Amino acid sequence: MLDPKLLRTKLDEVALQLSRRELNIDKDWFASQEKQRRHLQAATENLQSQRNRNSKLIAQAKSSGQDTTVMLEEMGKIANELKACETKLDDLKSEIHTWMLELPNIPHHSVPEGTTDKDNIEVRKWGDCPGFDFEVLDHVDIGERLGGLDFKRAAKVVGSRFVTMHGQVARLHRALIQFMLDVHISEHGYKEVYVPYIANEQSLTCTGQLPKFEEDVFRLHTSDLRYLIPTAEVPVTNLWRDYIAKEEDLPVKYVCHTPCFRSEAGSYGKDTRGMIRQHQFEKVELVQLVKPESSWRALDELTQHAEVILQKLQLPYRVVTLCTGDLGFASAKTYDIEVWLPSRKGYCEISSCSNFLDFQARRLKARWKNTATRKTELLHTLNGSALAVGRTLVAIMENNQDQYARVRIPEALQPYMNGLEVISRE
RNA sequence: GGAGAGGUGGCAGAGUGGUCGAAUGCGGCGGUCUUGAAAACCGUUGACUCGAAAGGGUCCGGGGGUUCGAAUCCCUCCCUCUCCGCCA
């Protein structure tokens, strides 16, 4: 959520910034609602003040045995008037609040202008894209030849956009998770957490998936609103909801492995082949809560932490800055990491690292006590995939294939595979 | 799933209709004392919001109600704990 103060005092500036996202906000509507709200609030508070004052007088009068019928009569009038005012004010406030919940974050000034992912800006490249002297297969064909991936049987179990993994491929997938967790814990100073895979409405609202993107998540058939988590970001960030952190707690750095569930509504016909775009996938997520002054440095570090995984796996990649049109709802700036896929002769998103500034923290009421100013201030939140496990598996299979559709296991993973160097048909 | 107890400030814990944003303790901050620290003692210390300030308003799990007036009474939802049942 954007700072309501900013909206009230610098509406034109906010509108201008949001127009970079091709979003036109209804300034006049907001201004007039705000004007009404201000007026009503003043009136309401004035009546409340009268009520409080009279209430004390009545209490005093009663305790000294005076007659209070006249006072009570007057209070009755105030009470009626007040109730009417409060009802109107509440309605108005919730209308404004609903409107504000739909506003995305303001893109940082360094975010490039653009409308689609074509306009994202490459910031660096790492590794050499492998050359092959045979015709490369994609992970689907390799997986089938190895007997390690099976999409048809997954479809039988549940439907499309799922996969089953078998034998050494399944083990490689699991090894990746352990490897990523270990690196972030022992080399990057993150603390591992385990969290629920179901979250309630409030949690998804605080991180920004709701109210706008309900169609992207799986909703459970419970009486209260519950959802399968689309990312660990939701439960992990919400650990700090309604908290006032001590300065020495910061920065908070969590690493968390969870499955992620996405309905992929609106992506029909996109990446339908293979395991690039699934309803269920595993991800190792990094989440940080930091002092505002250090969030930009933290974004760079967090992105580096994700890159380290690809470097250790010897997978070529590039980092891009998302343009205004491709930027996520809650994010002020995002770096995507894209891994090289030989079958596509192109790069494919494998991580997304974002700084949300105080956008999520404001919804979360995630704050800290600034000892210098003695004030309670909002934290900044960040997160990034490090990495999407399924896509990492795809990248390894495709980049490390040989002409017999065998897959060489990166050295860093071999300890997790009982020393196995190559996966071949079992 | 059944029975009971309970949800109050950073934490613990009083408060059952009025002068209660809320006793007390702990913790935090400032000070006295001390070479320094601890202890002791004194002072101070909730969040949000409107306002230049003075000051006003809101918040006692969420929502609704009763009342001139609600932390306190009623309804409802959520959550926690204890016991029983079932169970990986």
Side-chain angles (χ1 to χ4, degrees), chain A residues 1-11 30-31 33-98 100-101 194-206 210-211 220 222-227 235 238-250 252 289 358 360-379:
Chain A
M1 188 130 97
L2 294 173
D3 185 354
K5 244 182 229 164
L6 197 65
L7 274 161
R8 288 199 279 262
T9 56
K10 294 181 180 162
L11 186 56
F30 178 77
Q33 295 299 92
E34 256 305 293
K35 196 175 167 191
Q36 261 190 75
R37 196 220 93 233
R38 257 185 139 80
H39 178 74
L40 248 179
Q41 184 152 328
T44 306
E45 289 184 5
N46 190 14
L47 284 167
Q48 285 170 331
S49 177
Q50 278 183 51
R51 178 201 60 195
N52 292 346
R53 208 171 331 117
N54 288 3
S55 181
K56 277 179 191 169
L57 289 176
I58 290 172
Q60 278 167 7
K62 278 206 168 176
S63 65
S64 62
Q66 289 172 300
D67 180 47
T68 55
T69 40
V70 180
M71 298 172 100
L72 289 183
E73 211 174 288
E74 197 196 336
M75 272 286 263
K77 278 187 222 155
I78 294 174
N80 284 335
E81 212 182 323
L82 178 58
K83 190 169 235 171
C85 268
E86 278 179 335
T87 310
K88 261 201 258 176
L89 180 63
D90 284 350
D91 290 350
L92 193 55
K93 274 165 107 173
S94 83
E95 220 181 297
I96 294 171
H97 184 73
T98 304
M100 290 203 296
L101 279 178
Y194 172 85
V195 294
Y197 300 161
I198 294 172
N200 58 29
E201 187 187 14
Q202 198 187 349
S203 293
L204 277 102
T205 303
C206 286
L210 294 180
L220 265 48
T222 45
S223 55
D224 50 345
L225 292 174
R226 293 183 181 195
Y227 304 84
N238 272 279
L239 294 176
W240 287 78
R241 169 154 28 107
D242 288 320
Y243 247 81
I244 300 176
K246 291 184 187 142
E247 197 162 359
E248 62 260 32
D249 295 335
L250 303 171
V252 174
L289 294 101
D358 59 12
Q360 292 180 327
R362 185 168 292 108
R363 295 184 178 199
L364 289 158
K365 295 192 181 66
R367 293 161 296 173
W368 67 297
K369 197 82 174 176
N370 185 334
T371 48
T373 63
R374 295 206 184 177
K375 288 254 163 85
T376 309
E377 301 173 6
L378 290 171
L379 287 167

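All values derive from a computational prediction rather than experimental measurement.
Residue A:Met1 contributes atom CE, which lies 11 Å from atom P of B:U49 at whole-angstrom precision. Between the P atom of B:G69 and the CG atom of A:Asn54 lies a distance of 11 Å, rounded to the nearest Å. B:U58 atom P lies 11 Å from atom CG of A:Leu47, rounded to whole Å. If you measure from atom CG of A:Asn370 to atom C1' of B:G28, you get 15 Å, rounded to the nearest angstrom. For A:Lys93 and B:C59, the NZ to P distance is 10 Å, given to the nearest whole Å. Put simply, CZ on A:Arg38 is 15 Å from C1' on B:G57, counting in whole angstrom units. Remark: C1' of B:C20 and CZ of A:Arg53 are 19 Å apart, rounded to the nearest angstrom. Atom pair A:Gln202:CD and B:G61:P shows a separation of 16 Å (rounding to whole Å applied).
Set against B:C50, B:C68, B:U66, the side chain of A:Lys62 has B:C68 as its closest nucleotide. Counting only heavy atoms from C-beta on, A:Arg8 has its side chain closest to B:U49 among B:U49, B:C68, B:G56. Side-chain proximity of A:Lys56 to B:U19, B:G69, B:U66: nearest is B:U19. Of the candidates B:G56, B:C68, B:A47, B:G56 carries the atom nearest the A:Ser49 side chain, counting heavy atoms from C-beta on. With B:U19, B:G46, B:C79 as the candidates, the nucleotide lying closest to the side chain of A:Arg226 is B:C79. Set against B:G18, B:A47, B:G57, the side chain of A:Ile244 has B:A47 as its closest nucleotide. Considering only side-chain atoms of A:Thr376, the nucleotide from B:U19, B:C48, B:G10 that sits closest is B:C48. Looking at the side chain of A:Lys369, the nearest of the listed nucleotides B:U19, B:G46, B:U49 is B:G46.
Put simply, the side chain of A:Gln33 never gets that close to the backbone of A:Ile96: no donor and acceptor are under 3.5 Å apart.
Side-chain N/O atoms of A:Thr44 and A:Glu86 include no donor and acceptor closer than 3.5 Å. Looking at A:Gln60 and A:Gln66, their side chains never bring a donor and an acceptor atom within 3.5 Å of each other. Counting only N and O atoms by type, the side chains of A:Arg241 and A:Gln202 include a donor and acceptor under 3.5 Å apart.
Taking atom P in both B:U72 and B:G64, the straight-line distance is 14 Å, to the nearest Å. Nucleotides B:G61 and B:A52, compared at atom P, are 33 Å apart to the nearest Å. When the C1' atom is used for both B:A23 and B:C60, the distance is 14 Å, rounded to whole Å. Taking atom P in both B:G56 and B:U19, the straight-line distance is 15 Å, to the nearest Å. Separation of the P atoms belonging to B:G25 and B:U44 is 13 Å when rounded to the nearest angstrom. Comparing the P positions of B:G69 and B:G1 gives an interatomic distance of 39 Å, to the nearest angstrom.
In this structure B:G30 sits in a base pair with B:C42, meeting the Watson-Crick or G-U test at under 3.5 Å. With both pairing distances under 3.5 Å, B:A53 is matched to nothing as a Watson-Crick or G-U wobble pair. In a base pair of the Watson-Crick type (N1 to N3 plus N6-O4 or O6-N4) or a G-U wobble (N1-O2 and O6-N3), with each distance short of 3.5 Å, B:G6 is matched with B:C79. Pairing partner, B:U72: none, since no Watson-Crick or wobble contact has both distances short of 3.5 Å. Nucleotide B:G21 is matched to nothing when pairs are restricted to Watson-Crick or G-U wobble geometry with both distances under 3.5 angstrom. Nucleotide B:G1: paired with B:C84 (Watson-Crick or G-U wobble, both distances less than 3.5 Å).
With respect to the salt-bridge test (charged N to carboxylate O, under 4.0 angstrom), the residues A:Lys88 and A:Asp90 do not qualify. Between A:Arg37 and A:Glu34, at least one side-chain N (NZ, or NE/NH1/NH2) sits under 4.0 Å from a carboxylate O, which counts as a salt bridge.
Applying the 4.0 Å criterion to OP1 and OP2 of B:U66, one finds that A:Lys83 has a side-chain N or O inside that range. Considering only side-chain N and O atoms, A:Asn52 lies under 4.0 angstrom from the phosphate OP1 or OP2 of B:U58. For A:Arg51 and B:U58, the shortest distance from a side-chain N or O to OP1 or OP2 is below 4.0 Å.
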Go through the steps for A:Arg367 and A:Glu377 under the test side chain to side chain contact (heavy atoms under 4.5 Å, CB included), then give the verdict.
CA-CA 5 Å; A:Arg367 293 161 296 173; A:Glu377 301 173 6; over 6 Å; no
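Using a 4.0 Å heavy-atom distance criterion, A:Ser63 is classed as a base contact. Contact annotation for A:Lys375: no contact, since no heavy-atom pair falls under 4.0 Å across all strands.
If you run side-chain contact (heavy atoms from CB on, under 4.5 Å) between A:Pro211 and each of A:Leu204, A:Leu101, A:Thr98, only A:Leu101 comes through.
For a distance-only test at 3.5 Å, the side chain of A:Glu45 qualifies as a donor-acceptor partner of the base of B:G56.
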